[in-house]
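Structure record follows, encoded as structure tokens.
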Amino acid sequence: MPMASETLTIIDNRTGKQYEIPIKNGAIKATDLFQIKISEDEGIVSYDPGFMNTASCQSKITYIDGDKGILRYRGYPIEQIAEKATFLETAYLILNGELPTRAQLDDFSHHVTFHSIIHENIKKLIDGFHHDAHPMGVLVSTVGALSTFYPNAKKIFDAQNRREQTYRLVGKMPTLAAFAYRHSLGLPYSYPDNDLSYTGNFLNMLFKMTELKYKPNPVLERALDILFILHADHEQNCSTNAMRGIGSSQPDPYSSVAGAAAALYGPLHGGANEAVLRMLMEIGAKNKVPEFIEKVKGGSGRLMGFGHRVYKNYDPRARIIKQIADQVFDVMGKNPLLEIALELERIALNDDYFIKRKLYPNVDFYSGLIYQSMGLPMDMFPVLFAIPRTVGWVAQWEEMLIDPDQKLARPKQIYLGAPARDFVEMSKRN
Ligand code: ACO
């Protein structure tokens with residue numbers, strides 16, 4: 001019965017009426033529910049806080065099968081990309097849909113590198129922050145401020161213009177991030193070095209001291225490159241949803257990226273790796289792990305770096321990150337918190353509470369340990385996430401802009417407040 005698989009039959013028990021709702025790509029249109037009336041001019045809506053079962057768009061960028069632990073960019077498995085590609089090659093793939101030829105990659109890298117310098121006035125803006133300003137706050141502010149430096153970026157329906165802003169965003173995010181870091185230490189800013197790779201240059205802007213030419217450690221450079229690849233996109237996560245939501249009112253992309261970065265800041269999203277380290281420090285020793293796990297099971301706090309809205313299996317990125325961690329520790333020395341992390345993982349993966357709820361380590365469980373071993377403070381962790389995710393945000397934003405199905409993002413609500421009533425004068429209130 002081919003028809004049966006193409007529609008969903010809904011029988012309204014209140015009226016006995018029957019509705020055939022078309023199914024396309026495994027989805028029904030929420031607006032098709034409108035014909036099922038709850039009053040003369042109101043139709044049924046779907047109620048879905050946190051978008052647990054609501055697709056807000058159709059996308060061709062990233063595929064995730066959370067139950068099987070699969071992540072693919074443009075069809076390519078993350079494991080293969082992380083092994084064989086560079087971050088800029090991955091960025092090109094995510095933004096353009098296909099892997100670049102050598103000439104295309106060279107051209108793309110040239111444009112990104114060309115746009116890595118920031119206007120000197122942005123430096124003055126950074127100077128205005130307190131020395132202990134959280135670098136994520138600095139990043140959110142400065143990337144938003146870029147919109148005032150490139151007023152032309154408002155022409156979002158001009159493809160060439162969008163491309164130019166994309167180069168700028170991908171090129172300038174590491175510079176803004178590194179300058180925020182240097183400001184927090186009171187160090188002079190280290191300018192981009194275009195001879196270096198994307199991540200090599202980022203390390204240069206973070207760590208260069210008095211040497212004339214900074215030489216990144218190749219193991220750390222590659223480790224950071226892989227971490228950036230793993231964080232480049234993750235379909236409709238909280239910050240990408242913010243990017244699309246803000247972008248739907250059609251501001252310039254810098255303003256939308258500032259909003260997306262703000263969404264990434266929270267501990268349930270990009271702030272999780274910082275929260276993991278704080279948790280590991282709070283536990284303090286391997287033998288305190290069982291006690292901590294019991295506390296989590298008793299409802300006091302969460303095991304940070306565990307669980308994921310989509311992955312109900314081992315996060316494939318966590319597997320790759322664990323291997324990188326070993327390489328970084330070989331260069332920088334073992335992070336003393338690693339032993340606590342491994343013990344937490346071992347106990348949690350064998351504990352019924354976590355097994356039943358399908359809670360596995362996510363991408364952030366080990367990334368914080370790596371960043372800390374590289375000498376980066378915890379405050380910088382969400383910033384390190386925002387740099388590569390900018391690629392995903394921009395790709396998703398552009399896909400949204402050219403999708404004729406998309407509209408101003410404006411969800412419905414179910415009003416449960418007071419019914420209409422007359423205003424009460426101040427003198428009559430008690
Ligand atoms: N530790 C302990 N229990 C947990 C955890 C955790 N980390 N995560 C979920 N649970 C429990 C909940 O208490 C709940 O139990 P219950 O059914 O007995 O009430 C059940 O598992 C389901 O939890 P939800 O909150 O409904 O799951 P949701 O999919 O909404 O949450 C989230 C996903 C927010 C990531 C959650 O797992 C969490 O808070 N994890 C810790 C923070 C973290 O690591 N975030 C990073 C995510 S990855 C990223 O953003 C890059």
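No experiment lies behind these values; they were computed from the predicted model shown. Both ligands and their constituent atoms are indexed starting at 1 by order of listing.
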The protein heavy atom nearest to atom 28 (P) of ligand 1 is R309 NE, 3.7 Å
Would you call R102 and D106 a salt bridge, taking side-chain N to carboxylate O under 4.0 Å as the test?
yes
For atom 34 (C) of ligand 1, what is the closest protein heavy atom, and at what distance to 0.1 Å?
R302 NH1, 4.1 Å
Counting only heavy atoms from other residues, nucleotides and ligands, does the tally under 6.0 Å from CZ of F51 exceed 12?
no
Quick test: of every protein heavy atom, which one is nearest to atom 51 (C) of ligand 1, and how far off is it to 0.1 Å?
D364 OD2, 3.4 Å
Report, in ascending order of atom number, the atoms of ligand 1 lying under 4.0 Å from any heavy atom of K312.
29 (O)
Consider ligand 1: state whether an atom of it lies below 4.0 angstrom from any non-hydrogen atom of Y353.
yes
For ligand 1, which atoms, with element, lie under 4.0 Å from some heavy atom of V363?
51 (C)
Would a search of protein heavy atoms around atom 1 (N) of ligand 1 find one under 4.0 Å away?
yes
When you look at D252 and Q165, which way does the side chain to side chain contact (heavy atoms under 4.5 Å, CB included) test go after all the steps?
CA-CA 9 Å; D252 65 87; Q165 312 317 324; over 6 Å; no
What protein heavy atom lies closest to atom 47 (C) of ligand 1? Include the residue and the distance to one decimal.
N362 ND2, 3.7 Å
Protein non-hydrogen atom found under 4.0 Å from atom 42 (C) of ligand 1:
yes
Where does N237 meet ligand 1, judged by heavy-atom distances below 4.0 Å: at the side chain, the backbone, both, or neither?
neither
Might you confirm whether atom NZ of K297 has over 12 heavy atoms from other residues, nucleotides or ligands at distances under 6.0 Å?
yes
Would you say ligand 1 has an N or O under 3.5 Å from any N or O of F306?
yes
What protein heavy atom lies closest to atom 35 (C) of ligand 1? Include the residue and the distance to one decimal.
G307 O, 3.8 Å
Considering only NZ, NE, NH1 and NH2 on the basic side and carboxylate oxygens on the acidic side, decide whether E291 and K295 come within less than 4.0 Å.
no
Using a heavy-atom cut-off of under 4.0 Å, does the side chain or the backbone of K297 touch ligand 1, or both, or neither?
neither
Polar contact flag for R317 and ligand 1 (N/O pairs, less than 3.5 Å):
no
CD1/I320 to CD/E79 distance, rounded to the nearest 0.5 angstrom?
5.0 Å
Measure from atom 19 (O) of ligand 1 to the protein's non-hydrogen atoms and state whether any distance is below 4.0 Å.
no
Should we say atom CZ of R410 is surrounded by more than 12 heavy atoms from elsewhere, each under 6.0 Å from it?
no
Report yes if some N/O of R357 lies less than 3.5 Å from some N/O of ligand 1; otherwise report no.
yes
Is a salt bridge present between R278 and E274, judged by a nitrogen-to-oxygen distance below 4.0 Å?
yes
Could you tell me whether A272 and ligand 1 have an N or O pair separated by under 3.5 Å?
no
In terms of heavy-atom contacts, does CD of Q58 have more than 12 from other residues, nucleotides or ligands at under 6.0 Å?
no
Is there a ring-ring contact (aromatic ring centres under 6.0 Å, His included) between Y311 and H234 once you walk through the steps?
CA-CA 11 Å; Y311 295 117; H234 211 236; 5.2 Å; yes
Are R389 and ligand 1 in contact, using a heavy-atom cut-off of under 4.0 Å?
no
Run the salt-bridge test on K412 and E42 with the 4.0 Å N-O cut-off and return the result as yes or no.
no
Atoms of ligand 1 close to F385 [distance to a heavy atom under 4.0 angstrom, numbered from 1]:
51 (C)
Any N/O pair L303/ligand 1 closer than 3.5 Å
yes
Just let me know how H308 lines up against ligand 1, side chain, backbone, both or neither, with a heavy-atom cut-off below 4.0 Å.
both
From CA spacing to verdict: side chain to side chain contact (heavy atoms under 4.5 Å, CB included), F306, V296:
CA-CA 11 Å; F306 258 69; V296 168; over 6 Å; no
Should the pair F228 and F202 be assigned to parallel (<30°), tilted (30 to 60°) or perpendicular (>60°) ring geometry?
tilted
Heavy-atom proximity to atom 9 (C) of ligand 1, best of V276, L264, L359
L359
Enumerated ligand 1 atoms positioned under 4.0 Å from heavy atoms of G305
43 (C), 44 (O)
Just going by heavy-atom distances, which of N273, D315, L268 is nearest to atom 45 (N) of ligand 1?
L268
Using a 4.0 Å cutoff against the non-hydrogen atoms of H269, which atoms of ligand 1 qualify?
49 (C), 50 (O)
State whether E398 and R163 are salt-bridged, where the test is any N-O pair (Lys NZ or Arg NE/NH1/NH2 against Asp/Glu carboxylate O) under 4.0 Å.
yes
Could you tell me whether a side-chain N or O of T390 sits under 3.5 Å from a main-chain N or O of V170, the two making a donor and an acceptor?
no
Is there a protein heavy atom at a distance of less than 4.0 Å from atom 26 (O) of ligand 1?
no
